[in-house]
Number of protein chains: 2
Amino acid sequence: MSVRAGILVTGTEVLTGRVTDLNGPWVSTRLLALGVDVAHITVCGDRPADLMAQLRFLADQRLDLIVTTGGLGPTADDLTVATVAEFCGLELSVDTELEAHIAEIIRRWQRLPAGAAESGPTRAGIRKQALVPEGAQSIPPTGTAPGVAIAGSAERPAILVLPGPPRELQTMWADALQTAAVTAALSARTELRQETIRAYGLSEAELAESLRTAQHQISGFDGLEITTCLRHGEVEMVTRFAADHAPAYTELAELIRTGHSRQVFSTDGATIDDQVATALAGRRIATAESCTGGMIAARLTDRSGSSAYVVGGVVSYANEAKTGLLDVPAALIAEHGAVSEQVASAMAEGALRRLDADTAVSTTGVAGPGGGTDLKPVGMVCFGVAIAGRPTVTVTRRFPGDRAAVRALATTAAMHLIADGVAGTAAGERPAADSAPRT
Amino acid sequence: MSVRAGILVTGTEVLTGRVTDLNGPWVSTRLLALGVDVAHITVCGDRPADLMAQLRFLADQRLDLIVTTGGLGPTADDLTVATVAEFCGLELSVDTELEAHIAEIIRRWQRLPAGAAESGPTRAGIRKQALVPEGAQSIPPTGTAPGVAIAGSAERPAILVLPGPPRELQTMWADALQTAAVTAALSARTELRQETIRAYGLSEAELAESLRTAQHQISGFDGLEITTCLRHGEVEMVTRFAADHAPAYTELAELIRTGHSRQVFSTDGATIDDQVATALAGRRIATAESCTGGMIAARLTDRSGSSAYVVGGVVSYANEAKTGLLDVPAALIAEHGAVSEQVASAMAEGALRRLDADTAVSTTGVAGPGGGTDLKPVGMVCFGVAIAGRPTVTVTRRFPGDRAAVRALATTAAMHLIADGVAGTAAGERPAADSAPRT
């Protein structure tokens with residue numbers, strides 16, 4: 001018997017499609033990793049009747065746990081705690097210690113003098129956020145909103161109430177799992193292992209073909225729960241299994257690894273960003289970006305500690321910037337066009353020299369929607385990888401999709417070129433990831 | 001009486017968080033634009049019992065229309081049409097004309113000779129996709145999967161069954177709206193207007209206070225459906241209302257605009273990105289980024305046509321890059337530190353000169369998690385805005401949150417500084433948007 005959970009996402013901005021929900025998917029993957037079977041996700045606006053209806057629906061689905069997200073703010077349209085309390089038939093009362101704690105957080109954030117948050121509209125908001133259903137356990141706020149955990153009963157599942165801002169929710173997750181209500185709800189679960197294999201330049205159809213082969217060859221294959229997902233040209237294959245199916249997974253991993261050795265780049269959970277960070281330890285990288293417009297530099301510096309190996313970069317959107325900051329000869333641009341391997345090479349080498357780096361990557365391409373020609377269509381991107389002491393390598397790829405897709409695919413491609421280049425593999429050896437988008 | 005709808009998204013890959021659902025938000029915004037009130041979105045995996053439970057739940061919510069997405073493929077785990085037919089108590093039968101049409105599409109795609117798709121496993125898949133519930137109207141496929149529209153009855157809402165691939169679904173939408181079942185379901189709808197007000201540096205609590213005032217002062221306020229949302233320091237207030245409540249909205253907009261004149265930057269739906277693009281027409285902008293690491297350049301170039309006004313930029317992560325590419329004197333960095341208004345000013349002016357631009361923005365700050373000091377804590381960011389012929393303006397802000405939040409907030413702050421700077425407003429006149437994050 002596996003433990004079943006449902007996720008209830010609140011927020012009119014999510015229901016109306018103005019904001020992409022990050023919490024449902026995040027909580028779902030976390031629960032899955034814990035061996036919990038997520039059966040339903042529901043989304044409702046800030047209306048008590050709809051929220052109540054969804055709580056009732058979820059409680060009727062033989063679930064062990066309901067996780068709600070959002071609706072914990074100080075304003076009147078945030079009504080999750082009150083509605084959940086009503087649903088459970090529990091009275092609300094102010095937790096004065098919690099109230100003081102929230103007031104202190106707000107005072108510090110707004111740099112108010114002591115006592116200033118304890119009056120007026122702010123006070124009313126704080127008081128509202130400090131309301132806890134009787135018998136429930138509050139979870140310390142990581143923003144201003146505390147979470148709430150309510151134990152399950154014969155009539156209904158345990159309910160875990162979490163805040164809406166993804167950062168607050170994620171920071172609170174570890175504490176939430178420690179509450180008595182959640183611990184009890186999850187006690188019946190089977191521990192599952194989860195392993196991830198990542199490949200670049202492999203189509204989902206090719207992977208599906210390998211999985212069909214595996215199904216025939218590997219005994220215990222049916223005990224492996226496999227999901228595959230294509231993102232920015234990378235295929236991610238996640239497998240969940242109980243301990244007694246570990247040998248089957250080992251066989252599967254071996255089959256995938258040997259069958260697609262040129263495409264599989266990670267079998268230990270590491271992302272390409274992890275691998276690039278490791279590869280760049282002790283090096284100095286510079287970027288020279290045209291069509292990606294700073295996205296590669298932004299991605300490299302996304303990681304804390306990246307200042308140890310990122311020197312900087314140039315976004316050379318206009319040709320003058322390529323010439324002025326990267327020493328790309330104007331004649332080279334005139335002869336081959338800005339989107340050319342020759343210019344990509346000169347950009348990478350210019351970045352290497354100008355930024356005194358030992359590794360550099362460049363992009364120049366047609367992101368679209370305009371600017372494409374027969375010879376240089378929308379989606380065509382030229383890359384250069386310059387590594388001190390080695391000949392500069394260039395590659396041309398053509399990516400499908402709109403402007404945003406082309407830029408995202410080109411940024412990921414650059415990450416793979418950096419990893420391959422530093423590892424000494426000839427860049428571009430892997431097949432291009434320009435296969436048809438996922439359907 | 002407004003028309004109410006629910007959306008049922010199917011797919012284990014969505015439920016488990018591996019794939020971001022694009023269909024729920026897309027269908028929701030389309031329905032809203034048609035004046036339909038979307039009350040619920042539910043997500044389920046490829047399990048008939050869970051799908052049936054969600055159909056039953058939605059049918060119980062006094063809805064006029066249920067839209068399902070996904071589960072229309074040729075394989076066994078795609079079971080939406082069969083489950084919907086069972087839910088409605090309708091027999092399925094093969095539409096032979098549709099079957100021939102799908103076979104022809106597949107034959108063309110796979111470039112098979114005539115008749116080749118009409119046998120073996122492909123044939124079985126085609127036959128499955130051509131199953132239509134009795135009395136239902138099929139919608140011609142835009143991929144291989146036809147849609148299905150089933151008229152509502154006294155017992156249940158109309159049900160519109162659409163395919164999962166976003167492009168197929170979106171292409172089919174216009175035809176789906178023309179079906180008798182959907183036309184009838186939507187016949188009672190009221191056209192609603194939607195207006196958006198955006199403010200920067202305004203807390204949700206302040207806005208909530210103004211809304212409480214408005215509620216007392218404005219007659220017809222209760223006919224306005226208002227949702228507010230805080231993102232990256234901006235508050236977005238969206239109001240939907242029927243035509244007879246337009247005067248109430250006009251009063252509300254005036255009250256918000258005058259009450260928060262320094263913070264409200266848009267009342268016509270334009271985003272800060274739209275305003276920056278408009279402000280930069282005919283200008284040439286350059287960026288000089290340290291802690292934002294290319295995010296401002298990436299955001300500016302996200303928009304097609306931005307090459308008309310974006311010259312490029314420098315990501316000067318290391319001090320040598322600030323000195324070498326932006327002419328920031330090493331002595332200035334030694335004296336004031338890399339994170340200082342003096343260096344921000346020199347960076348912006350350096351970018352202006354080196355990239356031959358007339359507008360430049362710079363950032364230098366402590367993104368964290370490490371590197372903070374008492375004087376220059378994590379979250380502190382210095383900005384410079386250089387505009388040719390005017391004195392360079394500098395601002396220092398302190399943003400809450402982790403590395404990703406600080407970088408995102410700093411990028412949005414830079415967009416506002418550009419808009420203000422070009423508009424001639426003294427940059428930094430608006431209060432800092434470092435108030436508490438949304439809960």
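Letters go in sequence order (proteins before strands), and every chain restarts at 1.
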Task: side-chain contact (heavy atoms from CB on, under 4.5 Å) partners of Thr16(B), counting only residues at least two apart - done: Leu32(A), Thr12(B), Arg18(B)

For [X] and [Y], which heavy atoms make the closest approach, and how far apart are they?
{"X": "Gly17(B)", "Y": "Ser28(A)", "answer": "N-OG, 4.2 Å"}
{"X": "Gly401(B)", "Y": "Arg167(A)", "answer": "CA-NH1, 2.8 Å"}
{"X": "Ala298(B)", "Y": "Met295(A)", "answer": "CB-CG, 3.6 Å"}
{"X": "Phe57(B)", "Y": "Ala53(A)", "answer": "CE1-O, 3.4 Å"}
{"X": "Arg403(A)", "Y": "Ser304(B)", "answer": "NE-N, 3.5 Å"}
{"X": "Val315(B)", "Y": "Ala297(A)", "answer": "CG2-CB, 3.8 Å"}

Task: Asp60(B)/Arg56(A) ion pair, N-O < 4.0 Å - done: no

TODO: Test His40(A) against Thr42(B) for side chain to side chain contact (heavy atoms under 4.5 Å, CB included), laying out the working first.
DONE: CA-CA 7 Å; His40(A) 299 275; Thr42(B) 64; over 6 Å; no

Out of [options], which one racks up the most heavy-atom pairs below 4.5 Å with chain A?
{"options": "Thr29(B), Asp356(B), Thr411(B)", "result": "Thr29(B)"}
{"options": "Gly370(B), Gly45(B), Pro369(B)", "result": "Pro369(B)"}
{"options": "Gly293(B), Gly371(B), Gly312(B)", "result": "Gly293(B)"}
{"options": "Ala208(B), Ser306(B), Ala39(B), Ala357(B)", "result": "Ala39(B)"}
{"options": "Val314(B), Thr292(B), Leu15(B)", "result": "Leu15(B)"}
{"options": "Gly313(B), Ala318(B), Ala404(B), Ala321(B)", "result": "Gly313(B)"}

TODO: Return the option, out of Gly305(A), Gly24(A), Ser307(A), with the maximum number of heavy-atom pairs under 4.5 Å with chain B.
DONE: Ser307(A)

Open item on the list: I need the residue from Leu355(A), Leu8(A), Thr142(A) with the largest number of non-hydrogen atom pairs under 4.5 Å to chain B.
Closed with: Leu355(A)

Which atoms of [X] come close to chain A, meaning under 4.5 Å heavy atom to heavy atom: side chain ones, backbone ones, both, or neither?
{"X": "Thr20(B)", "result": "side chain"}
{"X": "Asp37(B)", "result": "side chain"}
{"X": "Gln54(B)", "result": "both"}
{"X": "Asp402(B)", "result": "both"}
{"X": "Ser316(B)", "result": "backbone"}
{"X": "Arg30(B)", "result": "neither"}
{"X": "Leu325(B)", "result": "both"}

- [ ] Output all residues satisfying salt bridge (charged side-chain N to carboxylate O under 4.0 Å, His left out) with Arg303(B), sequence neighbours left out; order by chain, then residue number.
- [x] Asp274(B)

Open item on the list: Counting only non-hydrogen atoms closer than 4.5 Å, does Val9(A) touch chain B with its backbone (N, CA, C, O), its side chain (CB onward), both, or neither?
Closed with: neither

Open item on the list: Can you tell me which portion of Arg240(A) sits under 4.5 Å from chain B's heavy atoms? Options are side chain, backbone, both or neither.
Closed with: neither

Open item on the list: Do Asp302(B) and Arg407(A) make a side-chain contact, defined as non-hydrogen atoms from C-beta onward lying under 4.5 Å apart?
Closed with: yes

